[in-house]
Engineer: 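Take a look at the following structure, please.
Residue numbers count from 1 along this sequence.
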Amino acid sequence: MNRVLINRRLAGAVVLALLAAPGCFSSGELSGIRRDLQAQLPGSSFEKNIELSLGPIVLGMAKMVTAVVPGAHEARSWLTGVSRVQIGVYDAAIDSMPGLRMPARLQSLLDDGWETAVRVRDADEAVWLLYRPDGDSVREIFVVVLDRNELVLVKAKGRLDRLIAAALDEAHGHRSFADELNL
């Protein structure tokens, strides 16, 4: 019986560690978009710089930190409601981007009910921001930012209305938590 209790505690600790570990991950969606872009841009390369997956435990700890760190309180509005975030940042080597289209993986999200919030395309940059609506709420966002030197992919899940409101406030010139931290 003592052995069963120890095994349960060990199993619980392993599950918590796996949920909390931000480390590297393998995301089919993120790597699929990277491959789609590489196929569209012959001769391009995307070297991994950062790949993070933040789950509910790590995000919960971050929310607690914002409660005690002076100047970080406004970061709570960015984190509240976010349950999972995947981030990929890649060093890009791209000669030119003529004819670049929305990656097929993003297009498949649109086919599954996602909507486009932002699409920017010029000679040296491409940005796509997609969201998945759920009634009057937003439950997921996917952001792709590409220029000749960098590719950034972000996918977030949760109740994202507050995150979007905080981003819009900052975009409209209201003070952000980065201002409070003097970043």
Side-chain angles (χ1 to χ4, degrees), residues 19 22 25-41 44 46 48-60 62-63 66 74-92 94 96-178:
L19 288 173
F25 67 95
S26 176
S27 170
E29 287 175 311
L30 297 187
S31 61
I33 289 172
R34 189 175 70 188
R35 283 192 306 273
D36 289 348
L37 291 169
Q38 207 158 8
Q40 286 190 54
L41 301 167
S44 65
F46 300 98
K48 179 175 67 172
N49 190 347
I50 297 170
E51 286 182 337
L52 296 174
S53 181
L54 306 174
I57 292 174
V58 172
L59 291 169
K63 290 174 201 170
T66 63
E74 288 189 31
R76 274 184 101 74
S77 61
W78 288 90
L79 297 172
T80 300
V82 178
S83 62
R84 180 162 306 281
V85 177
Q86 292 179 330
I87 302 168
V89 179
Y90 308 91
D91 294 326
I94 301 171
S96 65
M97 300 185 342
L100 180 66
R101 301 171 320 279
M102 178 182 283
R105 299 281 174 140
L106 288 183
Q107 186 61 50
S108 71
L109 292 176
L110 292 175
D111 297 339
D112 287 337
W114 288 59
E115 296 186 21
T116 303
V118 175
R119 182 182 358 220
V120 175
R121 179 68 182 92
D122 64 27
D124 296 320
E125 184 177 42
V127 177
W128 294 279
L129 187 144
L130 279 65
Y131 67 97
R132 185 174 65 112
D134 183 17
D136 291 336
S137 298
V138 174
R139 296 292 179 218
E140 291 183 79
I141 61 170
F142 205 123
V143 181
V144 177
V145 179
L146 173 67
D147 65 26
R148 291 177 186 255
N149 301 310
E150 190 172 58
L151 169 63
V152 178
L153 305 171
V154 178
K155 184 174 183 185
K157 292 182 180 182
R159 285 180 253 140
L160 303 177
D161 301 324
R162 287 187 179 173
L163 172 67
I164 292 166
L168 290 173
D169 278 350
E170 186 167 336
H172 290 123
H174 298 110
R175 289 183 60 86
S176 70
F177 71 92

Engineer: For the residue pair Ala92 and Glu150, what are the closest heavy atoms and their distance?
Structural biologist: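 Ala92 and Glu150 have their closest heavy atoms at CB-N, 3.5 Å.
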
Engineer: Atom CZ of residue position Arg148 - does it have more than 12 heavy atoms of other residues, nucleotides or ligands inside 6.0 Å?
Structural biologist: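 Yes, enclosed.
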
Engineer: Against Glu140, only a single residue in Arg84, Lys155, Arg159 fulfils salt bridge (charged side-chain N to carboxylate O under 4.0 Å, His left out); can you say which?
Structural biologist: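 The salt bridge (charged side-chain N to carboxylate O under 4.0 Å, His left out) with Glu140 is passed solely by Lys155 among Arg84, Lys155, Arg159.
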
Engineer: Calculate, to the nearest 0.5 Å, the distance between atoms CZ and CD1 belonging to Phe46 and Ile33 respectively.
Structural biologist: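 The CD1 atom of Ile33 is 11.5 Å from CZ of Phe46, to the nearest 0.5 Å.
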
Engineer: At what distance, to the nearest 0.5 angstrom, does CD of Glu115 lie from CD1 of Ile141?
Structural biologist: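 With rounding to 0.5 Å, CD (Glu115) is 14.5 Å from CD1 (Ile141).
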
Engineer: If you look at every heavy atom in Pro133 and Gly113, which pair is closest and at what distance?
Structural biologist: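 Closest pair (atom of Pro133, atom of Gly113, distance): CD-O, 3.6 Å.
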
Engineer: Let me confirm one number: the NZ-CZ distance from Lys157 to Phe142, rounded to the nearest 0.5 Å.
Structural biologist: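 So the NZ of Lys157 and the CZ of Phe142 are separated by 10.5 Å.
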
Engineer: Quick check: does any side chain N or O of Gln40 sit under 3.5 Å from a backbone N or O of Arg101, one acting as donor and the other as acceptor?
Structural biologist: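 Yes; judged by distance alone, with no hydrogens or angles, the pair exists.
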
Engineer: Would you compute the distance between atom CG of Leu146 and atom CG of Leu100 and round it to the nearest 0.5 angstrom?
Structural biologist: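 Answer rounded to 0.5 Å: 6.5 Å.
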
Engineer: Side chain of Gln38, backbone of Ser44: donor and acceptor closer than 3.5 Å?
Structural biologist: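 Present.
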
Engineer: Considering only heavy atoms from C-beta outward, does the side chain of Leu151 approach that of Val144 to under 4.5 Å?
Structural biologist: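 Yes, at least one pair of side-chain atoms sits under 4.5 Å.
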
Engineer: Counting only N and O atoms by type, is there a donor-acceptor contact under 3.5 Å from the side chain of Asp36 to the main-chain atoms of Ala104?
Structural biologist: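 Indeed, once roles are kept as given, a pair shorter than 3.5 Å links the two residues.
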
Engineer: Nearest 0.5 Å, please: how far is CG in Leu30 from CD1 in Ile87?
Structural biologist: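 If we round to the nearest 0.5 Å, Ile87:CD1 and Leu30:CG are 10.0 Å apart.
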
Engineer: Do the non-hydrogen side-chain atoms of Arg34 and Leu37 ever get within less than 4.5 Å of each other?
Structural biologist: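 Sidechains of Leu37 and Arg34: no contact.
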
Engineer: Determine whether a donor-acceptor pair (N or O, by modelled atom type, separation under 3.5 Å) exists between the side chain of Asp134 and the backbone of Ser137.
Structural biologist: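 No; zero donor-acceptor contacts below 3.5 Å.
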
Engineer: Please give me the minimum heavy-atom distance between Leu130 and Leu106, naming the atom from each residue.
Structural biologist: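 Between these two residues, the closest heavy atoms are CD2-O, 3.6 Å.
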
Engineer: Roughly how far, to the nearest 0.5 Å, is the CH2 atom of Trp128 from the CE atom of Met102?
Structural biologist: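 It is 7.0 Å, given to the nearest 0.5 Å.
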
Engineer: With heavy-atom distances below 4.5 Å as the criterion, would you say the side chains of Leu129 and Val143 are in contact?
Structural biologist: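 Leu129 vs Val143: side chains touch.
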
